[in-house]
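Remarks on the structure that follows.
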Amino acid sequence: MRAAPNPNGPWHIGHARMPAVIGEYAERYDGWFCVRFDDTDPETKRPDLDAYDAILEDVEYLGFETDAVYRASDRMETYYGYARELIEAGGAYTCSCSGETFSELKNDGEACPHREQDAEDTLADFERMVDGEYESGEKVLRVRTDIEHKNPALRDFVAFRMVDTPHPRESAAHYRCWPMLDFQSGIDDHELGITHVIRGIDLQDSAKRQGFVYDYFDWEYPEVVHWGHVQVDAYEVPMSTSSIKELIDDGELDGWDDPRAPTLKSLRRRGIRGEAIVEAMAGLGTSTSNVDLAMSTIYANNREIIDDDSDRYFFVRDGLEVPLTGGPDEANPPLHPDHADRGDRSIPVGETVLVEANDLPGHGERVWLKGLGCVENIRDAFQFTGDDIEVVKSGAVDVIHWVPGKESVPCRMRTPDGDEQGRAEPGVGELDADEVVQFERVGFARIDRQDDAETVTYFAHD
RNA sequence: GCUCCGGUGGUGUAGUCCGGCCAAUCAUAUUGCCCUCUCACGGCAAUGACCAGGGUUCGAAUCCCUGCCGGAGCACCA
């Protein structure tokens, strides 16, 4: 099986569907999985040189090893070879009609004058195309299908056209005569021994078009499945490579891994495992209709994977500083409630604590500072009232998270909805980059880096 | 205009080919309860769907027809 991306940028979330599904199938049936870059349009779908590796990184992040990687732009001589064979078999002719002219004729089911050209002349003319003797738009090679086919989409489609713009890959920059997707992909699927093809509904007619070429060569067409588009909820940004790229160029997003971007690089930076995405995508199946993927499904999968490994810490967003009198001068909540063996944290208390505005109890009311004890709000100051856990068990007071006013460290949490400033317990300032933690009552986050001034984290999900 | 394809709870999915075991599976979501020094994890429960109408049949989510709704192609894009 193959994934055949167009290398125009790093992948967005929707792109994960192809490797997810074919990876699963390849595993289940001991199949073979390759990535083939269909980069045969140096102009309107101009390949981005960085995208080749970026995409392979994304595939790796998702947890797949590719058995092979191909670039269509390396395989031009192969396509030319088959084109010559096709011409000799009477399956194609060169045509100099303009797109509009041909379209009109085609829609009326009428052949253009070039259709009658014999194989010999066509072959000679095709060599002139290959040699770059024509300019863009001057000449194309068409596959001779059925000009009266009831479906206009299948009538004599273009196999090769001239492109003046050189390909960005140096090794392919000298080619001017480029195959269209339907030809290139059809040849490759056969050449590479692809047995099952999955692609979008936008390519529904491709199999039928390519079928004409396969018939000329007497090949058997692979099994093919068409699936609908995936939409992912929870993102403001449109999910298309080009529009994400635009937002980055305009400075609206910091880059492909901005937490607000619906990209795989973004999810990766947020500490979401590729496996969680793959599971969700594989669960969508291959239905022909369009589907909506809820991010909550990915989050639920991820939470299940990371919960056990994620140590707990306190992080208070936008905290209110409240003086505290009485009680112990250090709190020691466990690193993980289910793993006492990992030990406890050590949080100095000091003169004041920070709590989130929503958690501040009313005057005369009590609240339990987790890991520390019960306090009462007396005229906007906390008075320690004891450490008897009974008040919590009986449901009399709520448990909240907190950090010391002085000893806490500045911490920024980047989320899909923007950045949150706050302060975290001292231990957070010691964590290594790439560690995934749970900020209690806030959510899971990945430690991105320790800056001079603050700890930067990326929010995964609650 | 011409051609293709699809419609199962909020979301995704199973079942549809070969009609009955489907008053419809599983997951997620939401809500409630239990557990818990987290609104995490775990456990339990509740909520909630076969697009509509005809037809065939003893029997239809499954077969047929019509309608409605949605998607896609008719590019010298992929």
Side-chain angles (χ1 to χ4, degrees), chain A residues 4-8 37-41 43-47 72 95-100 102-103 106-109 134 136-142 149-155 157-163 177-182 184-185 199-206 208-209 226-231 233 241 279-301 303-304 306-308 310 312 314 331 333-334 336-338 368-374 387 389-393 397-401 438-444 461-462:
Chain A
N6 165 27
N8 63 345
F37 293 102
D38 285 352
D39 56 349
T40 57
D41 184 349
E43 197 165 291
T44 48
K45 294 268 161 127
R46 187 169 181 77
C95 170
S96 57
C97 294
S98 73
E100 287 159 33
F102 187 83
S103 178
K106 179 199 67 184
N107 286 334
D108 294 338
Y134 294 109
S136 168
E138 258 189 283
K139 190 75 86 172
V140 298
L141 182 75
R142 284 185 191 283
H149 194 103
K150 66 174 183 168
N151 184 347
L154 305 186
R155 298 173 188 162
F157 62 92
V158 174
F160 284 83
R161 86 297 208 183
M162 305 302 299
V163 181
C177 175
W178 286 92
M180 300 287 289
L181 175 80
D182 278 321
Q184 173 264 121
S185 167
R199 60 181 155 221
I201 38 174
D202 47 333
L203 264 26
Q204 273 174 131
D205 292 329
S206 267
K208 291 172 192 157
R209 275 200 282 258
H226 295 280
W227 61 22
H229 299 291
V230 202
Q231 274 193 347
D233 65 357
T241 307
E279 252 176 67
M281 286 293 174
L284 294 182
T286 56
S287 126
T288 323
S289 39
N290 293 347
V291 294
D292 293 328
L293 172 66
M295 278 307 289
S296 60
T297 305
I298 292 179
Y299 295 154
N301 292 341
R303 195 178 296 122
E304 195 177 336
I306 65 173
D307 183 72
D308 201 60
S310 307
R312 270 52 173 172
F314 290 150
H336 191 113
D338 303 332
W368 182 279
L369 299 180
K370 187 165 181 180
L372 185 65
C374 193
D387 60 359
I389 195 65
E390 262 318 303
V391 292
V392 170
K393 291 196 187 292
V397 300
D398 292 332
V399 176
I400 67 165
H401 59 112
Q438 186 202 70
F439 288 135
E440 298 200 53
R441 303 210 311 135
V442 174
F444 293 88
H461 48 74
D462 55 19

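To find a chain, count down the sequence lines: A is the first, B the second, and so on, and within it residues start at 1. The analysis underlying the following values was restricted to heavy atoms, covering all of them including side chains, and did not include hydrogens, waters or symmetry mates.
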Please report the distance, rounded to the nearest Å, between CH2 in A/Trp178 and C1' in B/C77. 14 Å
Please list, pair by pair, any protein nitrogen or oxygen found under 3.5 Å from a nitrogen or oxygen in nucleotides 1-3 of chain B.
residue	atom	partner	partner atom	Å
B/C2	O2'	A/Lys150	O	3.3
B/U3	O2'	A/Asn151	OD1	3.3
B/U3	O2'	A/Asn151	ND2	2.6

Between B/G55 and B/G1 - C1' atom distance, rounded Å: 32 Å
On a whole-Å scale, what distance lies between the P atoms belonging to B/U62 and B/C17? 9 Å
For nucleotides B/G19 and B/G10, find the distance between their C1' atoms and express it as a whole number of Å. 31 Å
Taking A/Asp233 for its side chain and A/Met295 for its backbone only, find out whether a donor-acceptor pair lies under 3.5 Å. yes
Would you mind telling me which of A/Ser96, A/Cys95, A/Cys97 makes a side chain to side chain contact (heavy atoms under 4.5 Å, CB included) with A/Val140? A/Cys95
For nucleotides 11-15 of chain B, print each protein N/O atom paired with a nucleotide N/O atom at under 3.5 Å, atom names and distance only.
residue	atom	partner	partner atom	Å
B/U11	O2'	A/Asp292	O	2.8
B/G12	OP1	A/Asp292	N	3.4
B/G12	O2'	A/Gly283	O	3.1
B/U13	OP1	A/Leu284	O	3.0

Does A/Pro337 reach a base, just sugar-phosphate, or nothing at all? Heavy atoms under 4.0 Å. base
Looking at A/Arg142 and A/Arg155, would you say the former's side chain and the latter's main chain have a donor-acceptor pair under 3.5 Å? no
Starting from the 5' end of RNA chain B, give me the residue, A/Gly371 or A/Cys95, whose nearest nucleotide shows up first. A/Gly371
With a 4.5 Å cut-off on side-chain heavy atoms, are A/Pro5 and A/Phe37 touching? yes
Inter-nucleotide P distance (B/U30, B/G71), Å rounded: 28 Å
Full working for side-chain contact (heavy atoms from CB on, under 4.5 Å) between A/Asn6 and A/Asp41: CA-CA 9 Å; A/Asn6 165 27; A/Asp41 184 349; over 6 Å; no
Figure out the CD1/P separation between A/Ile400 and B/U36, and round it to whole Å. 21 Å
Can you tell me if A/Glu138 has over 12 outside heavy atoms packed within less than 6.0 Å of its CD? yes
Tell me which nucleotide among B/C76, B/A72, B/C37 gets nearest to the side chain of A/Trp368. B/C37
Could you tell me the separation between the CG atom of A/Leu154 and the C1' atom of B/A75, rounded to a whole number of Å? 14 Å
With rounding to the nearest 0.5 angstrom, report the CD to CD1 distance, A/Gln438 to A/Ile306. 8.5 Å
Under 4.0 Å between any heavy atoms, over every strand shown, what does A/Lys139 touch: base, sugar-phosphate, or nothing? Just pick one. nothing
Over how many whole Å does the gap from A/Trp227 atom CH2 to B/G70 atom C1' extend? 20 Å
Rounded distance in Å between the P positions of B/A14 and B/G53: 25 Å
Do the non-hydrogen side-chain atoms of A/Ile298 and A/Leu293 ever get within less than 4.5 Å of each other? yes
Work out how far the C1' atom of B/A24 is from that of B/G15, and round it to whole angstrom. 8 Å
Paired and unpaired positions of RNA chain B as dot-bracket, Watson-Crick or G-U wobble under 3.5 Å, | denoting a partner strand: (((((((..(((.......[.....)))((((((.......))))))...(((((..]....))))))))))))....
Under 4.0 angstrom, heavy atoms only, what part of the nucleic acid is A/Cys97 near: base, sugar-phosphate, or nothing? base
Considering every strand and a 4.0 Å limit on heavy-atom distances, what is the contact class for A/Phe444: base, sugar-phosphate, or nothing? sugar-phosphate
Looking only at heavy atoms, the pair that brings A/Asp38 and A/Ala72 closest together is CA-CB, 4.2 Å
Under 4.0 angstrom, heavy atoms only, what part of the nucleic acid is A/Ile201 near: base, sugar-phosphate, or nothing? sugar-phosphate
Determine whether any donor atom in the side chain of A/Lys45 lies under 3.5 Å from an acceptor atom in the base of B/C77, or the reverse, and answer yes or no. yes
Verify the neighbour count for atom CD of A/Glu100: are there more than 12 heavy atoms of other residues, nucleotides or ligands below 6.0 Å? no
For A/Ser206, which contact category applies under a 4.0 Å heavy-atom criterion: base, sugar-phosphate, or nothing? nothing
With a cut-off of less than 4.0 Å, is there a side-chain N or O of A/Arg303 near OP1 or OP2 of B/C41? yes
Of A/Ala300 and A/Pro179, the one whose closest RNA chain B nucleotide lies more 5': A/Ala300
Between A/His461 (side chain) and A/Phe444 (backbone), is there a donor-acceptor pair under 3.5 Å? no
Is a side-chain donor or acceptor of A/Asn107 paired with a backbone partner of A/Ser103 at a separation under 3.5 angstrom? yes
Distance in angstrom units between A/Asp202 CG and B/G70 C1', rounded: 16 Å
Rounded to whole angstrom units, what separation is found between the CD atom of A/Gln204 and the C1' atom of B/G70? 13 Å
Please work out if A/Asp38 contacts a base, only the sugar-phosphate, or nothing of the nucleic acid, heavy-atom cut-off 4.0 Å. sugar-phosphate
Salt bridge present between A/Asp338 and A/Arg312 (N-O < 4.0 angstrom): no
For A/His229 and B/A72, give me the distance from atom NE2 to atom C1', rounded to whole Å. 7 Å
Would you say A/Thr288 reaches B/G71's phosphate, i.e. side-chain N/O to OP1/OP2 under 4.0 Å? no
What nucleotide, of B/U38, B/G73, B/A75, holds the atom closest to the side chain of A/Ser103? B/A75
Which part of the nucleic acid does A/Thr40 contact within heavy-atom distance under 4.0 Å: base, sugar-phosphate only, or nothing? sugar-phosphate
Heavy atoms from other residues, nucleotides or ligands near CG of A/Asn290 exceed 12 (cutoff 6.0 Å): yes
Nucleotide B/C76, atom P - distance to CD of A/Glu100 in whole Å: 11 Å
Inter-nucleotide P distance (B/A61, B/U25), Å rounded: 14 Å
Given the C1' atoms of B/U3 and B/U8, what is the spacing between them in whole Å? 28 Å
